[in-house]
Peer 1: 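Here's a structure for you.
Throughout, protein chains are lettered first and strands after them, A, B, ... in sequence-line order, and every chain is numbered starting at 1.
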Number of protein chains: 2
Amino acid sequence: MAGKVEARKAALRQKLVEAAEIRIARDGAGALRARDLAHDAGCAVGAIYNAFDDLTAIIMAVNGRTFQQLGAAVEASVAGAEAEPPTCRLILMSNAYLHFAVQNTNLWRAMFDLRMAAGDAVPEWYLTALDSLFANIARPVGELFPDKDAGEAALMVRALFSAVHGIVLLGLEQRISGVPPERIEQMIAQVLEQIGGR
Amino acid sequence: MAGKVEARKAALRQKLVEAAEIRIARDGAGALRARDLAHDAGCAVGAIYNAFDDLTAIIMAVNGRTFQQLGAAVEASVAGAEAEPPTCRLILMSNAYLHFAVQNTNLWRAMFDLRMAAGDAVPEWYLTALDSLFANIARPVGELFPDKDAGEAALMVRALFSAVHGIVLLGLEQRISGVPPERIEQMIAQVLEQIGGR
DNA sequence: GCCTTTTCTTGAACTGCGTTCAAAATACAG
DNA sequence: CTGTATTTTGAACGCAGTTCAAGAAAAGGC
């Protein structure tokens, strides 16, 4: 019965990640407790550390799933809109990003809250997911700025993503923006329309 | 000798905030320890809780100082540049913001990392400092968009601040940007020049 | 099938932290 | 100077992540 151990371990990993996702979505990553997680997954606290290095690793696993969903949501927002002008597509993607953040606030926050421990290697799935997200932004940006070389365009892609991220981030933070959520969409559109040359 | 108690308490408060500022600047707010702080300030751990409600309150006090410095740095960056075109002044302020964040990364992060506990009242100094920061941004924005009404202009001010904040935030986060710090200035300039209509 | 070895699971114990609290020290009023 | 009020103290509390020795389960050889 070789491999049964592997299967058990994999099953436990999955149960832990699922339980963690539910808890993070409901209470935020900061409220995740090892003992709660063990209870949810039906194992002892110690078993967690057989399946994962530490709690942070579980949050990272959840972040991986979240990032996949976020990428899919952004991509879906411009599927079939290839004929629209580039500025419009940028706005569509940004709104998809905003709505994902609004509807999955705790999961979305967990992706950015996690201080990468001791600057160790960024996981490979992270860079992959990020690249495919950037690739979606790169298409309209390439159309808007056909004169820019690859390096400048890549910089602009990251700048636009960061700018929209900043608007969403501070927009959801009540204390800073003091702006009602429905206005955030307006802020994004104003900025992107200006950049797109109206 | 009435008031001597007050003076001692105030002195302790100040020593605690100073010690906390040094530690946060060096190790980040997450590494702040009550026992270290008590040692630095030359008091017992319990005394901290006589001067402040909890550690979070001390971090907030440090954030207040940081915010003051940040505001001063931004304001100084456009002092005497009133004759420059508005886009240029926006870039000057943004670069000042970037450089402050680069040179005081941990203190700057502490201002945004702190999850406002239980959505209780935002401190008054916070809103004041934020308003005066926004007022600086509002001047060039008003020149760039004279047609916008007050509400739209205020939205644009917040959107621009958030956008620049996002570019700085993710730019300093190595894992996301993959962009060398000297390029961040370029990203900001590209975006703001586009918005300002070149 | 049975014994040996390896591997996994368990939950009590360890460690580190913010915070509290009863006792001692200090400051103040009359 | 004496009694009361306030502050200071640091040991103790509660709660978390993580570890670890002991027991349970699986794997492998015969």
Side-chain angles (χ1 to χ4, degrees), chain A residues 1-17 19-24 26-63 106 110 113-118 120, chain B residues 1-21 23-24 26-63 106 110 113-118 120:
Chain A
M1 281 202 186
K4 197 154 195 181
V5 164
E6 284 295 304
R8 277 173 67 81
K9 189 162 176 172
L12 178 57
R13 286 178 68 95
Q14 189 178 332
K15 260 198 294 193
L16 284 170
V17 172
E21 184 168 2
I22 291 170
R23 284 202 175 265
I24 292 175
R26 193 176 53 218
D27 308 322
L32 194 65
R33 301 282 168 257
R35 285 161 178 84
D36 293 343
L37 217 46
H39 180 259
D40 291 357
C43 70
V45 275
I48 292 174
Y49 295 87
N50 201 315
F52 289 94
D53 276 0
D54 50 26
L55 280 199
T56 306
I58 299 184
I59 298 178
M60 285 290 281
V62 172
N63 285 350
N106 284 331
D113 279 358
L114 198 53
R115 289 274 162 275
M116 209 60 88
D120 50 15
Chain B
M1 281 198 186
K4 199 157 193 180
V5 164
E6 284 294 307
R8 278 173 65 80
K9 189 161 176 171
L12 179 58
R13 286 177 69 96
Q14 188 177 333
K15 262 199 293 192
L16 284 170
V17 172
E18 279 167 14
E21 182 167 4
R23 285 203 173 264
I24 292 176
R26 192 175 54 219
D27 308 322
L32 194 65
R33 302 282 167 258
R35 285 160 180 83
D36 293 342
L37 217 46
H39 179 259
D40 291 357
C43 71
V45 277
I48 293 174
Y49 295 88
N50 201 316
F52 289 94
D53 276 0
D54 50 27
L55 280 199
T56 306
I58 299 184
I59 298 178
M60 285 290 281
V62 172
N63 286 350
N106 283 332
D113 280 357
L114 200 53
R115 287 275 161 273
M116 210 60 86
D120 49 14

Peer 1: Can you tell me how far apart CZ (B:R13) and CG (B:N50) are? Round to the nearest 0.5 Å.
Peer 2: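 One gets 10.0 Å once the value is rounded to the nearest 0.5 Å.
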Peer 1: List the atom of A:E21, the atom of A:V62, and the distance in Å for their closest heavy-atom pair.
Peer 2: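 It is N-CG2, 3.9 Å.
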Peer 1: Below 4.0 angstrom, which residues in residues 34-43 of chain A have at least one non-hydrogen atom near DNA chain D?
Peer 2: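 Those residues whose heavy atoms fall under 4.0 Å from DNA chain D, taken from residues 34-43 of chain A in numerical order, are A:A34, A:R35.
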Peer 1: Does atom CD of B:E18 have more than 12 heavy-atom neighbours, drawn from other residues, nucleotides or ligands, at distances under 6.0 Å?
Peer 2: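 Yes, CD of B:E18 has more than 12 neighbouring heavy atoms, counting only those of other groups under 6.0 Å.
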Peer 1: Nearest whole angstrom, please: distance from the P of C:dC8 to the CZ of A:R13.
Peer 2: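 Rounded to whole Å, this separation is 13 Å.
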Peer 1: Find the distance B:L16:CG to D:dT8:C1' and express it as a whole number of Å.
Peer 2: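 In whole Å, D:dT8 C1' lies 13 Å from B:L16 CG.
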Peer 1: B:L32 has an atom CG; how far is it from atom P of C:dT19, in whole Å?
Peer 2: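 Those two atoms, CG and P, are 11 Å apart.
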Peer 1: Just verifying a value: how many Å separate A:R35 CZ and A:I48 CD1, rounded to the nearest 0.5 Å?
Peer 2: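 Output value for this atom pair is 9.0 Å.
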Peer 1: What is the distance from CG of B:N50 to C1' of C:dG18, rounded to the nearest Å?
Peer 2: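 So the CG-C1' distance, B:N50 to C:dG18, works out to 16 Å.
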Peer 1: Do the side chain of B:D40 and the main chain of B:A20 share a donor and acceptor less than 3.5 angstrom apart?
Peer 2: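 Not at all, since once roles are kept as given, no pair shorter than 3.5 Å links the two residues.
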Peer 1: Quick check for you: to the nearest 0.5 Å, what is the distance between A:L32 atom CG and A:N106 atom CG?
Peer 2: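 Atom-to-atom, A:L32:CG and A:N106:CG are 11.5 Å apart.
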Peer 1: Round to a whole Å and report the spacing from CG of B:D54 to P of C:dT19.
Peer 2: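 One finds 5 Å between P of C:dT19 and CG of B:D54, rounded.
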Peer 1: Round to a whole Å and report the spacing from OH of A:Y49 to P of D:dA16.
Peer 2: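 For the pair A:Y49 OH and D:dA16 P, the rounded distance is 12 Å.
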Peer 1: Could you say whether B:R33 or A:V45 is positioned toward the 5' end of DNA chain C, judged by the nucleotide with the nearest heavy atom to each?
Peer 2: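 In this pair, the answer is A:V45.
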Peer 1: Please tell me which of the listed nucleotides, C:dT10, D:dT19, C:dT19, lies nearest to the side chain of A:A44?
Peer 2: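 Among C:dT10, D:dT19, C:dT19, the one nearest the side chain of A:A44 is C:dT10.
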Peer 1: Contact class for B:I58 vs. all strands (heavy atom < 4.0 Å): base, sugar-phosphate, or nothing?
Peer 2: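 Counting heavy atoms under 4.0 Å across all strands, no contact is made by B:I58.
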Peer 1: Output the distance between atom CG (A:L55) and atom CG (A:L37), rounded to the nearest 0.5 Å.
Peer 2: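 Between A:L55 CG and A:L37 CG, I get 6.5 Å after rounding to 0.5 Å.
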Peer 1: Once you round it to whole Å, what is the distance between P of C:dT19 and CD1 of B:I48?
Peer 2: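 Taking atom P of C:dT19 as the reference, CD1 of B:I48 is at 9 Å.
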Peer 1: Between C:dT7 atom P and A:K9 atom NZ, what is the distance in whole Å?
Peer 2: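 Taking NZ of A:K9 and P of C:dT7, I get 11 Å after rounding.
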